[in-house]
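What follows is a short report on a single structure.
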Amino acid sequence: MARLAQTAGLTDVQREILSTVRDFVDKEIIPVATDLEHRDEYPQAIVDGLKELGLFGLMIPEEYGGLGESLLTYALCVEEIARGWMSVSGIINTHFIVAYMLKQHGTQEQKDHFLPRMAAGDVRGAFSMSEPGLGSDVSAITSKAVRDGDEYVLNGQKMWLTNGGTSSLVAVLVRSDEGHPEGTAPHRSMTTFLVEKEPGFGEVRPGLTIPGKIDKMGYKGVDTTELIMDGLRVPADRVLGGVTGRGFYQMMDGVEVGRVNVAARGCGVARRAFELGVRYAQQRHTFGKPIAQHQAVQFKLAEMATKVEAAHAMMVNAARKKDSGERNDLEAGMAKYLASEYCKEVVEDSFRIHGGYGFSKEYEIERLYREAPMLLIGEGTAEIQKMIIGRRLLEEYRFQG
């Protein structure tokens, strides 16, 4: 086993799970990832394999048919999967954010109804906050829900919905002014709705349309879509937690899990880029010797490996903080910020080591070079992470003068 990105203090069960996932990645994902990515083809066989492994229920409690594992176990599995192909980890991430939100905030009826089928992988989750003109300003959401008897009528357009086509359950954040008088802070008048739909594109249920996939530079294979609600009727019992006005806090709790996931993805992609770079540096010869023996390349490899190790350590710390039941927005923000930035740098250094061949689609590093930028913006940009980190530091280190 390679020396980098090892995690101390794992149980025998955790080590066995990771070994199984690593073996699956090496045999079933890495050999086909680049070809599937170039065709922008949904990796159905890989997803079916993950379903057989029980990974869709990894963090779902055993009472609902899941494995009941920790966020740390999940993050380490995501790191391994992203090492093989980042898009596959995206398919799992949104599913687990919704499952986590249900576990933490759902009513008992909602948990009983959704979690067993999510654990089996029969129901796939997606979540939706962003809108076309929104960016990072969640308080500017314009999609709205209006009460009509025992239902709510939802209208609006959402954007950047991962698993938008393949999911069958979407957690959607909208404004709901019912019971919240004019002048109420925006984040106190938002509600998360659990919207069930048929997988696919077009009108997937009355009032709900999923247009075709957004064409992206990277992060291919996984479907990223818009979501258009036009008179969409949702039963009142599909308000997450049964009470309106709590959606912002529920989503932010889920996003903390998502940020640990993005950090784990950054670690996995960076580790793969390092593996490709250190291997190529020993195979490629210039001036009569492998380029790995040139000091300039050794310095680059040393910097890459140090960044891989540092990002992994911060990701593990953020996951363990959340597992302890403590607030981890500071640690998750730091981990996401560092891992995504380091991932970009490690991938670029590996690309440079490959020289002209890194520009060829025949080499795996070309795919990683297009995938890494998504991590810089997913689950909040670097600027958003720094705002979160800065505010939390001022809370912790408030000067008493």
Side-chain angles (χ1 to χ4, degrees), residues 1-7 18 22-23 25-39 76 78-89 217-221 262-316 335 337-376 382:
M1 181 180 294
R3 181 167 181 170
L4 290 183
Q6 298 303 299
T7 309
L18 285 175
R22 190 178 300 116
D23 186 61
V25 168
D26 287 338
K27 293 179 179 178
E28 306 296 335
I29 297 183
I30 289 177
V32 300
T34 296
D35 183 52
L36 291 174
E37 196 271 348
H38 287 167
R39 299 204 307 264
L76 294 174
V78 165
E79 182 181 23
E80 292 295 340
I81 292 169
R83 174 180 157 268
W85 185 14
M86 192 183 73
S87 293
V88 178
S89 63
M217 175 178 73
Y219 198 41
K220 294 178 179 291
V262 173
R265 286 198 246 180
C267 292
V269 174
R271 182 146 58 95
R272 183 59 179 167
F274 172 79
E275 291 171 356
L276 295 173
V278 75
R279 182 175 67 191
Y280 184 83
Q282 294 173 78
Q283 295 171 337
R284 171 70 167 161
H285 286 67
T286 62
F287 303 103
K289 60 184 178 181
I291 63 172
Q293 292 182 20
H294 294 295
Q295 189 179 67
V297 174
Q298 288 183 10
F299 282 1
K300 201 175 292 292
L301 291 172
E303 292 169 0
M304 293 162 66
T306 302
K307 290 173 181 178
V308 168
E309 194 74 356
H312 175 84
M314 290 197 73
M315 178 271 291
V316 168
Y337 168 56
L338 190 82
S340 59
E341 294 292 334
Y342 275 180
C343 175
K344 172 186 70 73
E345 294 171 10
V346 171
V347 167
E348 182 169 329
D349 281 343
S350 183
F351 176 85
R352 290 173 184 270
I353 288 172
H354 280 76
Y357 288 102
F359 210 61
S360 168
K361 287 194 171 186
E362 293 182 20
Y363 283 74
E364 192 177 339
I365 191 63
E366 180 272 342
R367 169 170 61 84
L368 271 58
Y369 195 79
R370 288 184 290 102
E371 289 177 339
M374 198 285 291
L375 299 172
L376 300 173

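Values reported hereafter were calculated over all heavy atoms of this structure, with side chains retained and with hydrogens, waters and symmetry mates removed.
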> Could you go step by step and tell me if Thr306 and Glu309 meet the side chain to side chain contact (heavy atoms under 4.5 Å, CB included) rule?
Replying inline: CA-CA 5 Å; Thr306 302; Glu309 194 74 356; 5.8 Å; no
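- With Glu37 as reference, Glu371 is the one residue of Glu364, Lys361, Glu371 to meet the side chain to side chain contact (heavy atoms under 4.5 Å, CB included) rule.
- The side-chain heavy atoms of Arg22 and Val25, taken from C-beta on, include no pair separated by under 4.5 Å.
- The two residues Val297 and Ala281 make their nearest non-hydrogen contact at CG1-CB, 4.0 Å.
- When side chains are defined from C-beta on, Asp35 does not count as touching Val32, because their heavy atoms never get closer than 4.5 Å.
- A distance of 11.0 Å separates OH in Tyr219 from CH2 in Trp85, rounded to the nearest 0.5 Å.
- From Arg83, atom CZ reaches atom CD1 of Ile81 across 11.5 Å, with rounding to the nearest 0.5 Å.
- When all heavy atoms are compared, the tightest approach of Gln282 to Pro290 is O-CB, 3.8 Å.
- Using a 4.5 Å heavy-atom cutoff, the side chains of Val78 and Arg265 are in contact.
- Between the side chain of Ser350 and the backbone N or O of Val346 there is no donor-acceptor pair closer than 3.5 Å.
- Of all non-hydrogen atoms in Ala82 and Ser89, the two that sit nearest each other are CB-OG, 3.9 Å.
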> For Glu345 and Glu303, what are the C-alpha separation, side-chain angles and deciding distance, and is it a side chain to side chain contact (heavy atoms under 4.5 Å, CB included)?
Replying inline: CA-CA 10 Å; Glu345 294 171 10; Glu303 292 169 0; over 6 Å; no
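- To the nearest 0.5 Å, the span separating NZ on Lys307 from CG on Asp349 amounts to 5.5 Å.
- The closest side-chain heavy-atom distance from Arg352 to Glu348 is below 4.5 Å.
- Distance OG/Ser87 to CD1/Ile29: 10.5 Å, rounded to 0.5 Å.
- Taken to the nearest 0.5 Å, the CD atom of Glu275 stands 7.0 Å off from the CD1 atom of Ile30.
- Of the candidates Tyr342, Phe274, Phe299, Phe274 is the only one forming a side chain to side chain contact (heavy atoms under 4.5 Å, CB included) with Met304.
- The 12-atom threshold is exceeded at CD of Gln283, counting heavy atoms of other residues, nucleotides or ligands nearer than 6.0 Å.
- With values rounded to the nearest 0.5 angstrom, Arg272 atom CZ is found 13.5 Å from Glu79 atom CD.
- Between His294 and Lys289 the shortest side-chain heavy-atom distance falls below 4.5 Å.
- Using a 4.5 Å cut-off on side-chain heavy atoms (C-beta onward), Thr7 and His312 make contact.
- Side-chain contact between Ile365 and Ile353 is absent, with no heavy-atom pair separated by less than 4.5 Å.
- Heavy-atom minimum distance, Ala339 versus Ala263: CB-O, 3.5 Å.
- Ring geometry for Tyr363 against Tyr280 counts as perpendicular: the plane angle is over 60°, on a 0 to 90° scale with 30° as the lower cut.
- When side chains are defined from C-beta on, Leu76 does not count as touching Glu80, because their heavy atoms never get closer than 4.5 Å.
- Across all their heavy atoms, Gly84 and Ala33 have their closest contact at O-CB, 3.7 Å.
- When all heavy atoms of Glu366 and Gly358 are compared, the closest pair comes out as CB-O, 3.5 Å.
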